[in-house]
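Quick notes on the structure that follows.
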Amino acid sequence: MQPSDYESLTPTQAIAYQHELRKLINITPLDKPIKVIAGADISFNKYSDIVYAGIVLFSYPDLKIIGQSTAISKTTFPYISGLLAFREVPALLDAWNKLSDKPDVLVLDGQGIAHKRRLGIATHFGLIAHTPTIGSAKSRLTGKYEEPGDEQFAQSPMYDKGELIGVALRSKKKCNPIYISPGNMVSMEQSVEIIKNCIRGYRIPEPTRQAHLLVNKIRIESGENNNMQFNLFD
DNA sequence: GCGACAG
DNA sequence: ATCTTGTCGC
């Protein structure tokens with residue numbers, strides 16, 4: 001199975017593939033010290049199948065931008081909750097392959113193992129790219145948790161079927177929490193610690209935040225949507 | 001059957 | 001995710 005084949009999968013086949021990948025998940029601690037971290041994200045125009053992917057590289061823990069890569073491609077796989085990876089991973093992998101140097105760990109915008117089949121986009125990407133990943137999501141997909149306190153870095157464990165699958169983290173006071181979970185090749189504790197070290201005054205961790213700014217920038221610059229003010233619909 | 005539902 | 005201005009709270 002190759003990411004380029006995802007578009008031909010039916011949702012049922014995609015789920016079957018997730019069950020296969022699940023057997024390969026490994027969230028033992030990363031022993032190598034982190035020197036380089038990266039954030040990845042996707043952007044696209046409403047009603048368009050053109051996907052803009054980007055990855056931003058940072059030194060760690062000082063978080064200075066040291067590189068980036070982008071990729072533009074089409075996706076035909078629709079957005080289906082629980083199957084996000086089949087829509088976004090192909091483009092992200094293109095950007096990943098263009099990267100001159102690979103990071104010690106990659107932060108994805110979405111869940112890691114905090115997924116019903118433990119296959120959020122961060123876990124999925126980590127498994128096929130054979131690289132350490134962390135999932136940092138803006139909203140919950142699966143799991144029960146108590147609302148964390150309002151102090152910065154207050155956190156609360158997320159459980160599913162009696163299993164610890166993630167942590168709801170108050171990255172900023174007066175803001176909704178973000179949901180952290182290991183993708184692959186990183187432990188739960190390390191994932192939370194690393195993300196905490198990446199908060200720079202905003203709710204969203206810097207790697208993801210910068211990747212988001214980058215992909216929106218290349219999307220706007222592409223001019224793909226320049227004639228939309230005259231669209232009869234919408 | 002009903003509610004939930006990453007981006 | 002994207003479309004979008006103002007506006008309420010700290």
Side-chain angles (χ1 to χ4, degrees), chain A residues 6 11 14-15 18 39-55 72-93 95 106-126 133-145 150-152 158-161 165-184 191 195 201-205 207-209 211-234:
Chain A
Y6 291 176
I15 290 173
Q18 290 185 324
D41 197 18
I42 289 290
S43 179
F44 51 82
N45 283 310
K46 202 174 184 177
Y47 308 135
S48 169
D49 56 1
I50 303 295
V51 175
Y52 301 82
I55 297 177
I72 301 176
S73 64
K74 287 190 178 184
T75 180
T76 56
F77 201 95
Y79 169 70
I80 299 174
S81 181
L83 301 180
L84 177 66
F86 295 90
R87 177 173 172 74
E88 302 194 347
V89 162
L92 286 176
L93 196 57
L106 177 68
V107 182
L108 285 286
D109 189 20
Q111 319 293 342
I113 62 169
H115 177 283
K116 29 205 159 200
R117 289 174 294 279
R118 307 295 178 264
L119 269 154
I121 188 170
T123 301
H124 189 124
F125 189 92
T133 55
I134 296 172
S136 173
K138 298 181 295 299
S139 62
R140 185 202 72 105
L141 206 215
T142 303
K144 295 179 179 178
Y145 68 97
D150 195 45
E151 327 85 59
Q152 185 180 38
M158 300 173 72
Y159 296 98
D160 181 47
K161 300 172 185 171
I165 60 169
V167 167
L169 177 72
R170 188 80 65 188
S171 52
K172 182 179 181 179
K173 289 182 179 179
K174 300 294 181 178
C175 287
N176 289 325
I178 54 177
Y179 305 84
I180 312 304
S181 58
N184 194 47
S191 297
I195 293 300
Y202 294 91
R203 176 189 178 223
I204 305 302
T208 304
R209 204 176 75 83
H212 191 265
L213 292 174
L214 172 63
V215 295
N216 271 317
K217 181 172 183 291
I218 65 171
R219 177 174 61 85
I220 302 302
E221 288 177 345
S222 76
E224 185 200 356
N225 223 27
N226 275 2
N227 60 332
M228 91 141 191
Q229 66 264 46
F230 299 117
N231 199 321
L232 245 46
F233 306 104
D234 190 16

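Since we're looking at a predicted model, the values are computed, not measured. Convention: sequence-line order gives letters A, B, ...; per-chain numbering from 1.
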Q) Just by protein heavy atoms under 4.0 Å, how would nucleotides 2-7 of chain B read 5' to 3' in B, S and -? A) --SBBB
Q) Which residues satisfy the side chain to side chain donor-acceptor pair (under 3.5 Å) test with A/His115, sequence neighbours excluded? A)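 Partners of A/His115 under the side chain to side chain donor-acceptor pair (under 3.5 Å) test: none.
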Q | Of A/Val89, A/Ile50, A/Val51, the residue whose pairing with A/Thr75 passes side chain to side chain contact (heavy atoms under 4.5 Å, CB included) | A |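 Testing A/Thr75 for a side chain to side chain contact (heavy atoms under 4.5 Å, CB included) against A/Val89, A/Ile50, A/Val51 leaves exactly one candidate, A/Val51.
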Base, sugar-phosphate alone, or nothing: which one does [X] contact when heavy atoms must sit under 4.0 Å apart?
{"X": "A/His124", "answer": "nothing"}
{"X": "A/Asn216", "answer": "sugar-phosphate"}
{"X": "A/Thr142", "answer": "nothing"}

Q. Can you find a side-chain donor-acceptor pair between A/Asn176 and A/Arg203 that sits under 3.5 Å?
A.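 No, no side-chain donor-acceptor pair sits under 3.5 Å.
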Q: State whether a side-chain donor-acceptor pair under 3.5 Å links A/Ser43 with A/Asn216.
A: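 On atom types as modelled, these side chains qualify, holding a pair under 3.5 Å.
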Q: Would you kindly compare A/His212 and A/Lys174 by the position of their nearest DNA chain C nucleotide and give the one closer to the 5′ end?
A: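 First, find each residue's nearest nucleotide; the 5'-ward one identifies A/His212.
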(Q) A/Asp160 and salt bridge (Lys or Arg N to Asp or Glu O under 4.0 Å): which single residue from A/Lys144, A/Arg118, A/Lys116, A/Arg140 fits? (A)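 When A/Lys144, A/Arg118, A/Lys116, A/Arg140 are each tested with A/Asp160, the salt bridge (Lys or Arg N to Asp or Glu O under 4.0 Å) holds only for A/Arg118.
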Q) What integer distance in Å separates A/Asn225:CG from C/dC3:P? A)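 Nearest whole value for this atom pair: 7 Å.
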Q: Round to a whole Å and report the spacing from CG of A/Leu213 to P of C/dA1.
A: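 Rounded to whole Å, this separation is 12 Å.
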**Q.** Geometric cation-pi criterion, A/Arg209 with A/Tyr202: 6.0 Å, 45°
**A.**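 The answer is yes, since A/Arg209 meets both limits relative to A/Tyr202.
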Q | Non-hydrogen atoms of A/Ser222 and A/Tyr52 that approach each other most closely | A |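 The pair with the smallest heavy-atom distance is OG-OH, 3.0 Å.
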Q) Under a 3.5 Å cut-off on both pairing distances, which runs of 3 or more consecutive Watson-Crick or G-U pairs involve DNA chain C? A)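 When the pairs of DNA chain C are grouped into runs of at least three, no such run exists.
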Q | Value rounded to 0.5 Å, distance of CZ in A/Phe77 from OH in A/Tyr6 | A |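 Atom-to-atom, A/Phe77:CZ and A/Tyr6:OH are 10.0 Å apart.
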